[in-house]
Amino acid sequence: MPVTILVGTQWGDEGKGKIIDVLTRDVDMVVRYQGGNNAGHTVEIGDNKYVLHLIPSGIFRESIINVIGNGLVVDALALQNEMQHLVERGISVKNIQLSDKAHMIMPYHCMMDRFREFQREEGKKIGTTGKGIGPAYSDKAQRCGIRALELLDLNLFKARYTEQAEKYNKIFSEAGFETLDIEASWEEVKAAAIYLTPHIKNTVVTVNEAVKANKNVLFEGAQGALLDIDHGTYPFVTSSSTTAGGACGGAGVSPRYIDDIYGVMKVYTTRVGEGPFPTELDDEVGNHMGTVGHEFGATTGRKRRCGWFDAVASRYSCMVNGVNKLALMKMDVLDQLPELKICTAYEIDGEVTKDFPSDCRALEKIVPIYETIDGWMEDTSNITKYEDLPEKAKKYLDRVAELVEADIAIISVGPRRDQTFEISK
Ligand code: IMP
């Protein structure tokens, strides 16, 4: 496995952490390149379940270097907490490197995130995770953000922190919103900065040296392509480049070195937060998917909306990402459904299209056109080979692959590490 990017192709929560964990058998380095602790990657090893938010999923294999790249926004307190929790559970964090160019999420960003959501009218709320992601990326774009390298000089850092916090407090107090206790919060932020200091590195060099030395480097995408700031269902998106292209900017590596792009997708669709979702099922089948698939957000615990597999959205996603290998997730969730549907086209204002619209208003008007396929009505959770899958299940998976125009590489039939198998087709 040479240089690989792994991305979510739907609205996030596809099971990327699990696939990364499987792929890391052969990996030397795992690199996160966008997002922040809005992500929640669940990894189950034996009887242990871990949820990672900022730390790359390579952390469970000791030899792997885990890089938090320049493209992330990093909540210093959240990262410190996450590292300390892993240490308490016996997992070493010595191989974590935090890019000196990553922007930091500070307590006022989280407050601003909640404040903006509160201010948005009903119907225009984004349903953010409240983790400060949008405000931190806004500061980055406005060129007033605090980068990790500033944590290395506590005097300068304190001056910058105070200056920024006062600016935010002015906005909060003018709106009659609760303000931040700058002195008290500084003490926590300072402790986190001291804790993180040994991990702050020039990771652009680390990553490029690994690539040049022919190491196996895996770029771990967070969220999903349909939440991408440019290519997703704007404005109901996150604030970073979640698609494969984001890996190059977010880690400082040239597109020339990328060999493979894995697209992870559930064999149905879910979405958490607001925004259009053409194949959403507000009925018993949707509830069945949610219950059997344990569809609750790993970061916020929110119930995920569920629906049929949307081949229009996923095909678009595979195109934008250049996916050449598919990881198809959560097959077992469909085991007990006698009839399955795949959305193969959209009808919008009487016109039929297979192209994913750029405009959210069009997405809201969609009438999905479905193809019906027989369910396999058998337990697949113990299957370990493609050949052993029920014929009807193979037919469903092959149809999904055909519609999204990529090849199946991995199939997952349950949450455990051993419920995943690779295939070469
Ligand atoms: P933000 O990233 O917190 O600003 O939230 C923006 C939108 O992205 C909201 O609809 C969130 O629910 C969604 N979102 C952010 N991170 C994730 C994730 O890891 N999985 C699924 N949805 C996410």
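As a basis for the values below, the full set of heavy atoms in this structure was taken, side chains included, without hydrogen atoms, waters or symmetry mates. Along the sequence shown, residues carry numbers from 1. Whatever order the structure lists ligands and atoms in, that order sets their numbers, starting from 1.
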Checklist entry - What protein heavy atom sits nearest atom 12 (O) of ligand 1, and how far off is it? => result Arg302 NH2, 2.9 Å
Checklist entry - Parallel, tilted or perpendicular: which describes the rings of Phe172 and Tyr168, with under 30° parallel and over 60° perpendicular? => result tilted
Checklist entry - Hey, which atoms in ligand 1 end up nearer than 4.0 Å to a heavy atom of Leu227? => result 8 (O), 13 (C), 14 (N), 22 (N), 23 (C)
Checklist outcome for this item: for atom 2 (O) of ligand 1, nearest protein heavy atom and its distance come out as Thr238 OG1, 2.6 Å
Item to check | Shortest protein heavy-atom distance from atom 11 (C) of ligand 1, along with the residue and atom involved | outcome: Gly127 O, 3.6 Å
Checklist entry - Nearest heavy atom to atom 4 (O) of ligand 1: which of Asp113, Thr128, Ile229 does it belong to? => result Thr128
Item to check | Which residue and heavy atom of the protein sit nearest atom 7 (C) of ligand 1, plus the separation | outcome: Val237 O, 3.8 Å
Next on the checklist: ring-ring contact (aromatic ring centres under 6.0 Å, His included) for Phe421 and Tyr386? Distances and angles first, verdict last.
Outcome noted: CA-CA 8 Å; Phe421 49 92; Tyr386 175 82; 7.9 Å; no
Checklist entry - Can you list the ligand 1 atoms lying under 4.0 Å from a non-hydrogen atom of Trp11? => result 21 (C), 22 (N)
Item to check | Check: Phe309 ring centre within less than 6.0 Å of Tyr268 ring centre | outcome: no
Checklist entry - Side chains of His109 and Asp139: is there a donor and an acceptor less than 3.5 Å apart? => result yes
Next on the checklist: Please compare Lys131, Arg116, Gln223 and report which has the shortest non-hydrogen distance to atom 15 (C) of ligand 1.
Outcome noted: Gln223
